[in-house]
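Each chain gets a letter, A, B and so on, in the order the sequences are listed, and its residues count up from 1. Being a predicted model, the structure only gives us computed values, none of them experimental.
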Number of protein chains: 2
Amino acid sequence: MPEKLYELDERKQRVLKAVIDDYIESAEPVGSRALARKHDLGVSPATIRNEMADLEMLGYLQHLHTSSGRVPSSKGYRFYVDGLIPPKPVSDEEKALIDRWYKSRVQRIDQVFEETARLISAITKNISLVLAPQMTQAQFRCLQFLPLDSRRVITVLMTDAGFIENKILEMPDGAEFEDFQRMAAVINENLAGHTLKSIEHHALAQIRDEIRDEGLYDSALSIIQRALDSGKQERLYLGGTTKMLEQPEYHDVEKVKHMLMTLEEEELMKDILRAHIGDGLEVTIGQENEDSHFKDSSIITATYHLDGELLGTIAVLGPTRMEYAKAMSLLEYMNNNLTNVIKRFHW
Amino acid sequence: MPEKLYELDERKQRVLKAVIDDYIESAEPVGSRALARKHDLGVSPATIRNEMADLEMLGYLQHLHTSSGRVPSSKGYRFYVDGLIPPKPVSDEEKALIDRWYKSRVQRIDQVFEETARLISAITKNISLVLAPQMTQAQFRCLQFLPLDSRRVITVLMTDAGFIENKILEMPDGAEFEDFQRMAAVINENLAGHTLKSIEHHALAQIRDEIRDEGLYDSALSIIQRALDSGKQERLYLGGTTKMLEQPEYHDVEKVKHMLMTLEEEELMKDILRAHIGDGLEVTIGQENEDSHFKDSSIITATYHLDGELLGTIAVLGPTRMEYAKAMSLLEYMNNNLTNVIKRFHW
DNA sequence: TGTTAGCACTCTTAAAAGATGAGTGCTAAA
DNA sequence: TTTAGCACTCATCTTTTAAGAGTGCTAACA
């Protein structure tokens with residue numbers, strides 16, 4: 001049966017696309033009559049009924065109740081996303097909006113991520129997630145100490161991606177600020193250009209040799225350690241928890257509560273995003289989600305890079321009935337844009 | 001009529017208190033029979049009915065519909081809060097929880113505020129707002145420059161309350177890093193101990209005299225300006241948007257959406273909190289709120305201080321039917337506690 | 001053989017009608 | 001002044017009814 005290869009003939013595909021387009025727009029189960037009226041498929045409702053029955057048998061559509069129209073299944077959406085989806089590029093107005101938005105709101109680099117999340121939510125009316133770069137991927141640029149008082153110094157750590165972290169440290173007994181400055185010189189010489197990750201594992205040994213003083217070395221070690229620590233975790237920015245209420249799927253407070261509580265589990269959400277990291281755009285639909293919390297949600301992720309280095313992930317999370325075309329092209333655009341915006345903070 | 005002075009005799013007060021206690025707990029309009037059963041007031045439902053009718057005439061209670069029990073009015077809550085409220089101190093377990101919470105989660109000072117908001121929401125199941133100190137109130141401690149590359153320096157600004165802000169700046173043409181260091185010395189000598197606010201207005205003139213170079217002075221000025229800018233605004237931390245869904249008042253998505261959208265207007269919320277700043281605990285109930293968005297909400301605020309200096313405000317925002325006793329004592333406790341926690345970051 | 005019209009049937013949703021019950025207000029008696 | 005009693009009001013819950021959208025199947029048609 002060569003039919004097997006192309007399970008869906010051209011008309012079935014047209015019907016499927018029409019059903020999904022309709023459902024995405026209306027959030028109501030779609031019936032044969034309405035379908036025949038809106039999209040002119042050139043056949044009668046009865047024929048469409050037959051096609052829909054076939055599509056249901058094949059698993060692309062679902063019946064909620066014996067009566068009442070059909071709704072796409074995960075498999076249906078999958079086929080739609082993989083082949084039927086109409087391109088819906090980001091409009092010029094939207095591009096202009098995005099540009100203006102960044103220009104007016106972003107000062108510090110963490111605001112880039114915050115505003116990116118907000119922007120994605122504003123445009124897609126869905127929840128957005130932005131996983132900001134692990135600083136471990138970033139390269140060490142320099143570490144400086146500033147005297148604070150007789151017992152403390154401020155450690156300022158910089159990476160090549162424009163991140164600056166600071167931390168107040170107690171000086172060990174007997175140490176002078178000059179010792180710290182000497183240490184900084186040694187450290188900077190040895191570590192410049194290394195990724196933060198590799199610092200942890202290798203480069204410290206060399207420093208040990210150069211700093212003769214055991215006690216000072218130990219505190220240097222713990223200082224770097226602690227300075228790195230705060231930069232180590234990826235940060236997750238969340239947007240659109242208000243916007244999502246506009247989706248009819250969340251007109252029930254219980255569902256909202258459930259979703260918000262899930263989103264609050266930051267580690268879980270990070271894991272999910274990390275698991276989705278692939279190259280470019282990745283769409284995970286309903287049942288395809290491993291986590292049971294998201295069996296009726298879809299997640300679209302895009303990973304952004306800088307000079308070939310993986311930096312992070314941006315994502316849209318919403319009901320399976322989602323404007324995939326729009327969300328996907330937006331993420332793609334934001335993806336490229338984000339790289340540019342970050343570069344402004346990069347030197 | 002001496003009665004006028006004490007509009008409510010002792011029994012009326014007991015009835016009012018019982019009604020409010022009941023309503024706060026159940027969120028259902030309370031009727032005379034149920035009241036007589038639960039609280040033993042020693043009189044029959046009929047008598048209570050009469051008392052309630054009086055209380056309604058006097059404006060302390062309200063009728064939703066001809067039938068169905070009574071609900072407290074803003075005036076009723078006001079009387080309750082001012083005189084009837086049963087003390088409900090923070091329990092030892094809660095104190096322990098708070099202590100552990102801070103110890104395990106707080107590293108940087110901004111986390112203090114973030115976690116304070118989260119904690120208040122967790123305990124009161126209501127929205128919490130924390131208005132973090134204006135850094136303008138804080139005292140300038142020192143400003144340091146760090147070389148970044150040939151064209152840029154990193155500016156690090158410290159205040160006595162432990163805030164550190166940093167910012168990357170372009171060096172003006174012809175300037176050397178040594179110039180910046182010289183400038184830092186001048187600036188530090190002149191500004192140490194001044195509040196950030198006063199710096200803006202006064203102290204800069206002296207610096208002008210000491211730094212002879214006009215061009216350098218201008219850039220110094222803009223540097224300080226920009227470094228201060230980011231610290232100038234008060235920051236608002238918001239917590240409990242998920243927790244609020246547990247209140248029956250927010251079982252309607254439209255109300256939730258409305259509230260969340262209002263909360264998103266950061267400047268509006270800041271203004272409201274600023275307007276509420278008084279000494280110690282302040283309770284604003286329902287209609288007493290000037291902003292129309294909060295006519296059926298209550299806001300409890302507490303301001304926290306450090307060494308007599310106003311630092312900021314913490315607040316609980318919820319439906320008028322709120323556990324005032326609990327929220328008030330919690331805020332009072334957090335208030336003191338916050339001062340201690342902040343002191344850890346203070347030197 | 002694929003397409004279509006027709007029709008019985010299903011099931012949801014909305015509106016109407018009734019039943020229940022909590023609560024009030026008033027009157028009259030204690 | 002307090003209380004019991006009773007008629008009355010409304011919200012709410014359940015049941016009933018009606019309407020409408022949609023399906024599935026059969027038979028006719030091109």
Asks: Among pairs that include at least one residue of residues 74-85 of chain B, which meet side-chain hydrogen bond (donor to acceptor under 3.5 Å, both in side chains), considering only residues two or more places apart or in two chains?
Replies: B/D21-B/Y80, B/R78-B/D82, B/R78-B/E288
Asks: Heavy atom of residues 37-44 of chain A under 4.0 Å from DNA chain C: which residues?
Replies: A/V43, A/S44
Asks: Backbone N or O of B/G59 within a donor-acceptor pair of the B/S73 side chain at under 3.5 Å?
Replies: yes
Asks: With sequence neighbours excluded, what pairs up with B/E265 under the salt bridge (Lys or Arg N to Asp or Glu O under 4.0 Å) test?
Replies: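 If we apply the salt bridge (Lys or Arg N to Asp or Glu O under 4.0 Å) test to B/E265, skipping adjacent residues, there are no hits.
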Asks: Measure from CZ on B/R33 to C1' on D/dT3 and round the result to the nearest Å.
Replies: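 The answer, rounded to whole Å, is 14 Å.
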Asks: Could you report the tightest heavy-atom contact between B/S329 and B/V90, atom names first, then the distance?
Replies: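 Looking at all heavy atoms of both residues, the shortest contact is O-CG2, 3.5 Å.
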Asks: Answer yes or no: is there a donor N or O on one side and an acceptor on the other, between the side chain of B/Q13 and the main chain of B/L8, under 3.5 Å?
Replies: yes
Asks: As a quick check of understanding, evaluate side chain to side chain contact (heavy atoms under 4.5 Å, CB included) for A/H39 and A/D22, giving each step before the final call.
Replies: CA-CA 9 Å; A/H39 313 253; A/D22 220 60; 3.2 Å; yes
Asks: Rounded to 10°, tell me the angle between the two end axes of the helix from C/dT1-D/dA30 to C/dA30-D/dT1, each built from five pairs.
Replies: 20°
Asks: Listed by chain and number, what are the salt bridge (Lys or Arg N to Asp or Glu O under 4.0 Å) partners of B/K12, not counting sequence neighbours?
Replies: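 Partners of B/K12 by the salt bridge (Lys or Arg N to Asp or Glu O under 4.0 Å) criterion, ordered by chain and then number, come out as B/D9, B/E51, B/D54.
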Asks: Just to verify, what does A/Y23 make a ring-ring contact (aromatic ring centres under 6.0 Å, His included) with, not counting sequence neighbours?
Replies: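 So A/Y23 forms no ring-ring contact (aromatic ring centres under 6.0 Å, His included) with any residue.
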Asks: For A/Y333, give me all partners under ring-ring contact (aromatic ring centres under 6.0 Å, His included), at least two apart in sequence or on another chain.
Replies: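 With neighbours one apart ignored, the set is empty.
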Asks: Whole angstroms only, please: what is the CG-C1' distance between B/D54 and D/dT2?
Replies: 13 Å
Asks: On a heavy-atom basis, which atom in B/S128 and which in B/S121 lie closest, and how many Å separate them?
Replies: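 Distance-wise, the nearest heavy atoms are OG-OG, 2.9 Å.
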Asks: Using a heavy-atom cut-off of 4.0 Å to chain A, what are the terminal contacting nucleotides of DNA chain C, in 5' to 3' order?
Replies: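 Contacts span C/dT3 to C/dT12, reading 5' to 3'.
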Asks: Looking at B/K270 and B/E267, is there a salt bridge between them, counting it only when a charged N and a carboxylate O are closer than 4.0 Å?
Replies: yes
Asks: Of the residues in residues 59-73 of chain A, which ones touch DNA chain C at a heavy-atom distance under 4.0 Å?
Replies: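 Contacting residues: A/H65, A/T66, A/S67.
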Asks: B/H276 and B/T284: side-chain donor and acceptor closer than 3.5 Å?
Replies: yes
Asks: Figure out the CD1/P separation between B/I48 and D/dT3, and round it to whole Å.
Replies: 9 Å
Asks: Can you sort out the partners of B/Y60 under ring-ring contact (aromatic ring centres under 6.0 Å, His included), two or more places apart, ordered by chain and number?
Replies: B/F79
Asks: Under the rule for ring-ring contact (aromatic ring centres under 6.0 Å, His included), what residues qualify as partners of B/H258, not counting sequence neighbours?
Replies: B/H293
Asks: State, to 0.1 Å, how close B/G76 and B/I20 come at their nearest heavy-atom pair, and which atoms those are.
Replies: O-CD1, 3.5 Å
Asks: Residues from residues 24-32 of chain A sitting under 4.0 Å of DNA chain C, heavy atoms only?
Replies: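 By residue number: none to list.
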